[in-house]
Trainee: 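So that we are looking at the same thing, I have put the structure below in structure tokens.
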Amino acid sequence: MKELIERLRSKFNAKNIKEQRKNFVFITVEKKDLEGCVLYLKEFEGYGHLTLLTALDWIEKDQFELVYHLHNYSNKTDVSVKTFIDRKNPTMVSINNLWAGARVYEREIKELFGIDFPGCPRVNDPFALEGWHEIPPMRKDFDTKKYSEETYFPRPGRYTKDNVAQMEEQLYPVEAEVKNGIAETVRKK
Amino acid sequence: MSLKDIVSPFNAWKRAFEKPDTIVKPLSEREGSDLYRGFHINDIDKCIGCGSCEEICQNAAIDLVDVASVKAKPGDSGLRPLIDYGRCCWCALCVDICPTGSLGMSNDYTWISENSDDFRFIPGIDEKKWNRSEKGYRRSAESWLVDPNRQHMNEIEPDKRKKNFDEYAEGFTDEQAMAEAGRCLDCGICIQACPTHMDVPKYINAIRNKDLDEGLRIMYETNPMLEACGRICTAKCEDVCAVGHNGKPIAIRSLKRYIGDQTFKKKDEIMDLKPAASTGRKVGIIGGGPAGLTAAFYLRRFGHAVTLYEQHDKLGGMLKWGIPDYRLPADVLQREIDFILRQGVEVKYSVKVGKDISFDQLHKENDALFISVGAQIGSDMPIKGMETEGVYSGVEFLEKVAKGEKPFVGKEAVIVGGGNTAMDATRSSIRLGAKAKILYRRTEQEMPANREEIREAKEEGAELKILSTPTKIEKLPSGRLKIECLKMELGEPDKSGRRSPVPKEGSEFYIEADVCIMAIGQKVEPEFSETIGLKVTKWGTFEVHSDTLRSNDKVFAGGDCQTGPDDAIKAVAAGKKAAYFIDKQLRG
Amino acid sequence: MKPIWNDTKEYDLKSGKYVKIWQGPQHPGVTGNMSLELLLEGDEIKLLKTHVGYLHRGFEKLMERRKFINCFPIVCRICVPEPDTNEYLFAAAAEELSGIEIPERAKWIRALNLEMARLGATVMGLGGQAGSFGLGTIGQWAVAHRDFLLDSFEELTGGRIYHMYIVPGGVRYEIPEGFEGRLEKTLVKIEKLLSDIDKVMFNNAVFKSRSKGLARIPKDWIEPFGINGTTARASGVSYDVRKDHPYLIYDQLDFNVTTGTEGDVYARTELRREECLLSINLIRQILAKMPKSGPVRTFIPDIMHWKIPAGETYVRAESGRGEYGYYMVTDGSEYPQRVHVKGPSYTHAMSLLEKLAEGNTNADIFGIMVSLQTYPPEIER
């Protein structure tokens, strides 16, 4: 594993190397090195199995992260190659030529994150969603709660009470008034 | 294709002659397993409406709703969970978190109804056939998601600590505080129990988030005496703590102390209080105990000028003179008072109203007055020999201790009473070198003192003589005291719910001691009430409007002088309330 | 680079030579709610497009909005026949990232639970395989026998389908008294069923002639299509997470990984019967070897505000259908930053099924689909 990491470091400028377990390492490469890196791992290092391909939305950093998790059947090790791409106009090179199964992942990511993979077959077909007009739902700025509140209706007559407010109201209304009046004076700047 | 492959499948017919496994009976007769997670049950009397179930439910299937048959009371919000089985996923996290153990699940799962609204109901209130089901999932002690054991502050050992007046509890370490804060369910049932209604869950959350500055600000919203309270509060909040139903309550008081201890050095910077715009009105406060100091602090926040009249040369009242240093070190109290004074409070020390300055003059000079003189005089027992040398009142004794006068205790001290003052007197006399014996007329269970005070006094070697009361005190030729006592029995419960003691005929016994400390209660100084001429109750306390603490036109009274002897946090609450209503009155 | 799988051929529907039909999402032959868009020439499939989304509940998104403990009740819903793998993997990922070590006995009980779940799912899968070739009797038997196993689950976990028994920190509570004996009775019943299935299905002229040689997966497809589990083993690739990346206590159990050679539907089905026997064997081993007493749960303090330090991990387990994995990323807050669920159906039932369908007949497509152990909720989550 050590030598492999060294090779990845020198060939693809792998950074952020994190050995999660003794046979499992996370590395980060530049976007431009990604395809070369996974190709190298597949063809020359025996990492022939694409365990998963997924994306993460780091909205604060204005970046998407793509994770290519590769597995080597012969020595039972894993390498997770990650790369960051711009969130504004997200495109990534397709790897469906390396793994036939990758097209499904890329199609899903296209739909759920809005990351484009030019050249991937059927990449624009809907995956799990049909007639979706909102922003891609796995992006962090898609608010599921807001969406469901706008799309569905609440049960009429449903209510819930806060136990603290209930006790204030029932047991010490005057003191609650005092408390709120006083608290303001301390918070006031 | 072989012949065998054509014949072999006919083996299936063999099964036609076997006894079928199908259940012939109606399905409803098949019971769920003993641990089945079926429809909920809720023991309505045990449930306290804390809302932990609602909080943990990831489907928002639980709503807390009003229930006609349950009213809110201390430690119980009166609300009960309503469960929507259209949303419930039967994961039983609500059962696993329930602090009282009232919520469980029955093994019933076959009930159906044509009306979908029937699947929203309040378990335990709405009559269901499984309500008394013994079977079904209940949380066990192991599956409870709350740690039942509390963290304990490191303490100096009894044998060492009883030799001096140094503070013996060291306060939480960061780890202990985090662990203890982690036990809190954020339910807020405790807020009502606190006389000044401190936002306990909020400041515990601040500890959890490692934002102690915010914790300090939250506490100052309700209590400017938090460092003192963090040490000596009677912690009524802990008595109702939801976790306390099945484990040890959260150590709320120690967490409060933790925030205070960690932030006091930077208090001015953290609080960053800019003086409020002056209103031009003046308020006089008589008595610089917790009630007076609290009122002073908040009145300054409202922008009123405050003058405090204190009969002693130091502020703090009973916190200063009634509580020994080993529980509340003088410097801790002083730094807290200093912060209040830095808000611009004028103090007139060693001024006794009615003697050094007339009440009328104060009445004239100020736009409002707040009387918080406390209950400073120890009550006497109606027995012979009270005036004998060597008989002290508890407050008198403790004041001497606080002043560093080292009152005479001899080798053996007898303390009469079962309250916190009695415990303070006991433990102080131990520290002064005496053996202490506590005489109490009921049993240990009925003692009004905090449990840990009693425990710690015993650890330090105090001897507890229950169901005994003194009837006569005499001086022996040796100079020691001979105390005649009677044995008591517990009779019918009185109004407070405690069983009242009844003397046992002919059960006299005698004990000898060097001093006898009577810590059986305090009262308001009668001369003071007479000089100012306010209405008093039959117990000698000031009579005020119960909501606003107003006595007449511009005079307000609160704290021990209005309630009778009580704890510091109640005095803080009174001071806060007075400040609010004085401000309201001054603004018109 | 040349594509490894070129399926860009266009078919002219107007020519009258082809017909396009939809199978599913409501179709008794389709496993779960999924639909197949088939382009047929006569009875022969020219092109298949799979469509999922009928069971999309957005679990990954929901988890990002839930505290860690609140994710625990929802993950099981990702796979109905075998929910325990999800429960285990979610718990394992959270435990690894927060550095929680679970008690020894909890590990054994978890393994027991996982094997029971695998057995139940695989038995039902056998029934489904038989059903897809018209052998309905076996389907009935299999479902009935799975029900006996569900009785055991009900007794052990308090739930029949969604067990919610493997919680972060261990398992919920102790095994009920006398459970082993009652489970053994069920195992004996299932063993008898398997021998009956042997006679009625594996030695059945109809089944043999239809499944042998059908949808053969060559060994060199395994990596490009990301195939694993019994589907890969039937083609001769010996990969089993239990053996290759032993988790829980699998390194203390004595078992061998069986592989096939043919890689067709018959080989896959046969291997699954072996899997059932292996699970029964493992359950017996676990019950015999597990420590007889000890804690079953590590207490997690402040569960409602459980913060997991920033980190990421991928944990995997062998489910009945192949490698199941959870990729979890945490950022130090009370909520996961991302949880990605990778079920084996994801690659099997999408790209691989599309590829395998080509050239086979419409009548066989369901048999192929079942033989890949397709489970749609795992694909769309």
Side-chain angles (χ1 to χ4, degrees), chain A residues 18 20-21 23-24 26 35 39 42 46-58 60 65 67 69 71 73 75-78 80 82 94-105 107-108 111-112 119 121-122 125-130 132 137-140 142-145 147-148, chain C residues 1-8 49-58 60-62 64-65 96-97 221-228 232 237-239 243-245 311-316 323 325-327 329 331 337-338 340-342 346-352 354-355 376 379-381:
Chain A
K18 199 163 51 180
Q20 180 66 18
R21 289 190 288 264
N23 50 5
F24 173 20
F26 282 105
E35 193 185 11
L39 177 65
K42 178 177 187 276
Y47 289 85
H49 178 61
L50 176 69
T51 310
L52 63 89
L53 161 53
T54 192
L56 277 84
D57 182 5
W58 295 99
E60 306 85 17
E65 185 178 3
V67 184
H69 194 100
H71 179 65
Y73 277 126
N75 65 9
K76 294 164 195 167
T77 57
D78 296 87
S80 204
K82 308 192 295 173
S94 170
I95 54 159
N96 82 92
N97 292 344
L98 304 182
W99 284 280
R103 58 166 69 183
V104 188
Y105 293 101
R107 196 172 126 213
E108 181 191 345
E111 177 176 275
L112 298 180
R122 290 180 68 195
D125 284 11
F127 178 74
L129 308 174
E130 215 173 72
W132 186 255
M138 281 302 284
R139 290 192 178 189
K140 287 277 178 189
F142 176 73
D143 189 339
T144 42
K145 188 144 193 288
Y147 175 78
S148 86
Chain C
M1 190 180 277
K2 211 175 111 245
I4 23 182
W5 170 24
N6 194 351
D7 59 345
T8 47
K49 283 183 180 176
T50 51
H51 293 271
V52 294
Y54 305 97
L55 283 163
H56 174 68
R57 285 157 287 174
E60 291 179 0
K61 183 77 179 179
L62 290 177
E64 288 174 17
R65 303 225 161 208
E96 183 181 323
L97 289 174
W221 282 15
I222 302 297
E223 290 199 346
F225 282 93
I227 304 167
N228 53 39
V237 174
S238 166
Y239 176 69
K243 203 79 185 169
D244 293 330
H245 299 274
E312 59 188 315
T313 191
Y314 174 77
V315 289
R316 47 158 74 94
E323 176 180 319
Y326 266 55
Y327 171 59
V329 184
D331 53 8
Q337 154 74 18
R338 176 105 168 89
H340 177 70
V341 182
K342 162 69 203 305
Y346 191 85
T347 41
H348 293 180
M350 298 286 288
S351 45
L352 179 63
E354 285 173 5
K355 173 80 175 157
I379 303 170
E380 55 215 40
R381 307 174 298 279

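Chain letters run A, B, ... following the sequence lines, proteins first and then strands; every chain starts at 1.
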Trainee: Relative to chain A, which segment of K342(C) carries a heavy atom at a distance below 4.5 Å: side chain, backbone, both, or neither?
Mentor: side chain
Trainee: Non-hydrogen atoms of chain C under 4.5 Å away: do they reach the side chain of T51(A), the backbone, both or neither?
Mentor: both
Trainee: For the interface with chain A, which of E323(C), E64(C), H51(C), Q337(C) has the highest count of heavy-atom pairs at distances below 4.5 Å?
Mentor: Q337(C)
Trainee: Do you know which of H245(C), E380(C), H56(C) has the most heavy-atom pairs under 4.5 Å to chain A?
Mentor: H245(C)
Trainee: I'd like to know which of A102(A), P137(A), P126(A) tops the heavy-atom pair count under 4.5 Å against chain C.
Mentor: P137(A)
Trainee: Of all heavy-atom pairs between T50(C) and R122(A), which one has the smallest distance, and what is that distance?
Mentor: O-NH2, 3.7 Å
Trainee: What's the shortest heavy-atom distance between Y73(A) and I227(C), and which atoms?
Mentor: OH-O, 3.3 Å
Trainee: Between E223(C) (side chain only) and W99(A) (backbone N and O only), is there a donor and an acceptor less than 3.5 Å apart?
Mentor: no
Trainee: For R65(C), is there an ion pair with D143(A) - N to carboxylate O distance below 4.0 angstrom?
Mentor: yes
Trainee: Quick check for you: among H69(A), K76(A), K145(A), E130(A), which has the greatest number of heavy-atom pairs under 4.5 Å with chain C?
Mentor: K76(A)
Trainee: Identify which part of E96(C) has an atom lying under 4.5 Å from any heavy atom of chain A, answering side chain, backbone, both or neither.
Mentor: side chain
Trainee: R107(A) and M350(C): side-chain contact (heavy atoms from CB on, under 4.5 Å), yes or no, with the steps?
Mentor: CA-CA 11 Å; R107(A) 196 172 126 213; M350(C) 298 286 288; 4.0 Å; yes
Trainee: For the pair H49(A) and Y239(C), name the ring-plane relationship: parallel under 30°, tilted 30 to 60°, perpendicular over 60°.
Mentor: tilted
Trainee: Contact part of F142(A) toward chain C, heavy-atom cut-off under 4.5 Å: side chain, backbone, both or neither?
Mentor: both
Trainee: Does H71(A) reach the side chain of Y314(C), with side-chain heavy atoms less than 4.5 Å apart?
Mentor: no
Trainee: Could you pull out all residues at least two apart from E108(A) that satisfy salt bridge (Lys or Arg N to Asp or Glu O under 4.0 Å)?
Mentor: R381(C)
Trainee: Find out whether R21(A) and T313(C) are in side-chain contact, i.e. whether some heavy atom of one side chain is under 4.5 Å from a heavy atom of the other.
Mentor: yes
Trainee: From the options V67(A), L56(A), T54(A), select the one residue that forms a side chain to side chain contact (heavy atoms under 4.5 Å, CB included) with V329(C).
Mentor: L56(A)
Trainee: For residues G101(A) and S351(C), report the shortest heavy-atom separation together with the two atoms involved.
Mentor: CA-OG, 3.6 Å
Trainee: With a 4.5 Å cut-off on side-chain heavy atoms, are R316(C) and D78(A) touching?
Mentor: yes
Trainee: Using a 4.5 Å cut-off on heavy atoms from C-beta on, say whether the side chain of I379(C) contacts that of F127(A).
Mentor: yes
Trainee: Examine whether an atom of H348(C) lies under 4.5 Å from a heavy atom of chain A, and if so say whether it belongs to the side chain, the backbone or both; otherwise answer neither.
Mentor: neither
Trainee: Salt bridge or not for E312(C) and K18(A), using N-O below 4.0 Å?
Mentor: yes
Trainee: Identify the two heavy atoms, one from L53(A) and one from H340(C), that lie closest to each other, and give their separation to 0.1 Å.
Mentor: O-NE2, 4.5 Å
Trainee: Given a strict heavy-atom distance threshold of 4.5 Å, which part of D57(A) is in contact with chain C: side chain, backbone, both, or neither?
Mentor: backbone
